[in-house]
Amino acid sequence: MVSCSWEPIGKVLITMNVIWRNSVSCLRIKKVPHRYQSGNHPMVPLGSRILTDPAKVFEHNMWDHMQWSEEEEAAAGKKVEENSAVRVLLEEQVKYENEASKYWNTFYKIHKNKFFKDRNWLLREFPEIIPVDQKTEQKLQELSWDHAKTSAADGFSRRHCPTMPEENNHKKSCGSSGSHSKVGSHFSNLESKENRKGPLKTELFPGSNATFRILEVGCGAGNSVFPILNTLQNVPESFLYCCDFASRAVELVKLHSSYRAAQCYAFVHDVCDEGLPYPFPDGILDVILLVFVLSSIHPDRMQGVVNRLSNLLKPGGVLLFRDYGRYDKTQLRFKRGHCLSENFYVRGDGTRVYFFTKGEVHNMFCKAGLDEKQNLVDRRLQVNRKKQVKMHRVWVQGKFQKPLHLIQKTSKLGFSLLFQG
């Protein structure tokens, strides 16, 4: 009888199991990219009500895909030049920055959840919020350890993801009959010891048992949270995180009758504080929702925020963005003395807003290592039929995906370990 040390074999098995444990999640990612192939032509192109007869402009409240004339563009630029000619004093700007959370807390104390309407349009523009069909999930979960091992040469280079919490159903499928069950049994003990050492340690956290995770940054009073929760109520393996740096807003979310702690975790968080930890590990999110939030942050801090959020996504995960665009009617309406810096303003209540261009959005997210899947300017004409007033709305909408090649790079490292020694 030949004796051998289990230590090197154990390390290899641990590597293989970590890769396999996350193959279900990563294989799901392979199904995702077709949902992002919207480019400049989304399947539902930001509405379909087109104004073809100017005489009928007041028949509806909103018209989609409005094209600006050169004269309109020039007039908007002139208004911005005029309202930004006088800047807010530097000491006042410092106050607005340091006391930003106070102004938003006051906002929610006054308006509660009555100011913004629920964003029921989210799923139409961002179908990525919904997990892939459950039949696909079930098939993926039926993958066996035997399948993962025999397809190493083909699969390891494509499937490896950062360490994810181990699900009960994954544990059950790790071992098969015969000799594999013995290996799996010994591996369980080795992994338990390895976890105690720290490198592959998986701790419990809110949503640790979920297989599909979403984070909404700047959730406010929950105008996105509850439409999403309503959609996910029949998808128990999904989990929604939502945060805001206004404690009053988070309190409103938790007090809402539709808030379900079993599927949602609301917490106070300042995304500008790069050293402040999130209540979950990096690299586990499938979707991040960043809707009308980044515009409220000082331009000098935006890139740091996007970089940090990028780290939270798993390879293949997507960040969904929508915010104010350059020359939106709200920018044109500002009076002199409200401009903080170029295209950055302070409202009368002390809250701030920035107006983006498509190019700025592209540069910011690509610098964070994300691939652009959609980036477009949404121009609409909003109409007040009673007052016979026309107002141009401009928003920027984008979808940015964490590259899948990060899986491949890590997988090749794990695959090479199998043949060392």
Side-chain angles (χ1 to χ4, degrees), residues 24-49 62 64-65 116-140 207 210-219 222-242 258 260 263-264 284-294 309-310 312-323 325 358 361-362 365 370-378 380 395-404:
V24 171
S25 173
C26 296
L27 283 174
R28 176 172 4 101
I29 293 171
K30 292 177 65 179
K31 190 177 177 67
V32 172
H34 80 275
R35 304 170 74 182
Y36 305 144
Q37 292 172 358
S38 45
N40 293 322
H41 306 282
M43 290 181 63
V44 182
L46 304 171
S48 56
R49 182 176 291 149
M62 189 81 77
D64 306 313
H65 303 286
F116 301 109
K117 295 180 179 179
D118 281 352
R119 294 167 178 158
N120 295 311
W121 51 265
L122 275 177
L123 297 177
R124 182 176 67 249
E125 303 296 350
F126 297 134
E128 296 81 4
I129 292 172
I130 306 173
V132 294
D133 63 275
Q134 300 309 300
K135 289 184 179 180
T136 301
E137 285 290 316
Q138 186 175 359
K139 289 179 181 179
L140 292 174
T211 59
F212 188 86
R213 302 183 184 91
I214 305 170
L215 167 65
E216 187 196 3
V217 179
C219 63
N223 299 99
S224 297
V225 170
F226 299 109
I228 294 173
L229 276 180
N230 183 55
T231 301
L232 298 181
Q233 61 182 336
N234 295 320
V235 190
E237 66 274 18
S238 63
F239 197 87
L240 173 63
Y241 304 97
C242 57
S258 298
R260 300 191 305 276
Q263 202 173 19
C264 183
I284 69 158
L285 296 180
D286 295 271
V287 176
I288 294 177
L289 196 62
L290 194 62
V291 176
F292 296 104
V293 175
L294 202 60
L309 293 177
S310 175
L312 299 177
L313 287 171
K314 63 171 65 170
V318 63
L319 189 150
L320 307 174
F321 173 84
R322 187 173 174 85
D323 221 317
K358 177 180 173 180
V361 171
H362 168 85
F365 288 100
L370 303 178
D371 293 338
E372 180 181 292
K373 300 301 177 181
Q374 181 192 77
N375 186 14
L376 49 85
V377 179
D378 180 11
R380 306 195 189 198
W395 299 295
V396 180
Q397 178 168 304
K399 303 178 182 183
F400 301 88
Q401 187 180 28
K402 194 161 188 176
L404 286 166

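Note that these values count all heavy atoms, side chains included, but never hydrogens, waters or copies made by symmetry. Bear in mind that the values here come from a model prediction, so they are computed numbers and not experimental data.
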Between [X] (side chain) and [Y] (backbone), is there a donor-acceptor pair under 3.5 Å?
X      : Y      : answer
Asp378 : Gln397 : no
Lys358 : Val396 : no
Gln401 : Gly316 : yes
Gln263 : Val235 : yes

Can you name the closest pair of heavy atoms from [X] and [Y] and give their distance?
X      : Y      : result
Ser310 : Lys402 : O-NZ, 3.0 Å
Lys314 : Thr211 : NZ-O, 4.3 Å
Arg260 : Leu232 : NH2-C, 4.3 Å
Pro131 : Ser238 : CG-CB, 4.4 Å
Tyr241 : Gly207 : OH-CA, 3.7 Å

Calculate, to the nearest 0.5 Å, the distance between atoms [atom1] and [atom2] belonging to [X] and [Y] respectively.
X      : Y      : atom1 : atom2 : value
Leu229 : Cys242 : CG    : SG    : 7.5 Å
Asn223 : Glu216 : CG    : CD    : 8.5 Å
Phe400 : Asp371 : CZ    : CG    : 10.5 Å
Asp286 : Phe212 : CG    : CZ    : 5.0 Å
Leu319 : Leu309 : CG    : CG    : 6.0 Å
Ile214 : Cys264 : CD1   : SG    : 10.0 Å

Test side chain to side chain contact (heavy atoms under 4.5 Å, CB included) applied to Asp323 and Val361, step by step:
CA-CA 10 Å; Asp323 221 317; Val361 171; over 6 Å; no
With a 4.0 Å cut-off on N to O distance, would you call Arg322 and Glu125 a salt bridge?
no
Can you tell me which residue among Leu320, Thr231, Leu289 is in a side chain to side chain contact (heavy atoms under 4.5 Å, CB included) with Leu122?
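Exactly one option meets the side chain to side chain contact (heavy atoms under 4.5 Å, CB included) with Leu122, and it is Leu289.
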Of all residues at least two apart in sequence or in a different chain, which pass the ring-ring contact (aromatic ring centres under 6.0 Å, His included) check with Phe126?
none
Just jot down the side-chain contact (heavy atoms from CB on, under 4.5 Å) partners of Asn230, sequence neighbours excluded, or say none.
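Asn230 satisfies side-chain contact (heavy atoms from CB on, under 4.5 Å) with Gln233 once adjacent residues are dropped.
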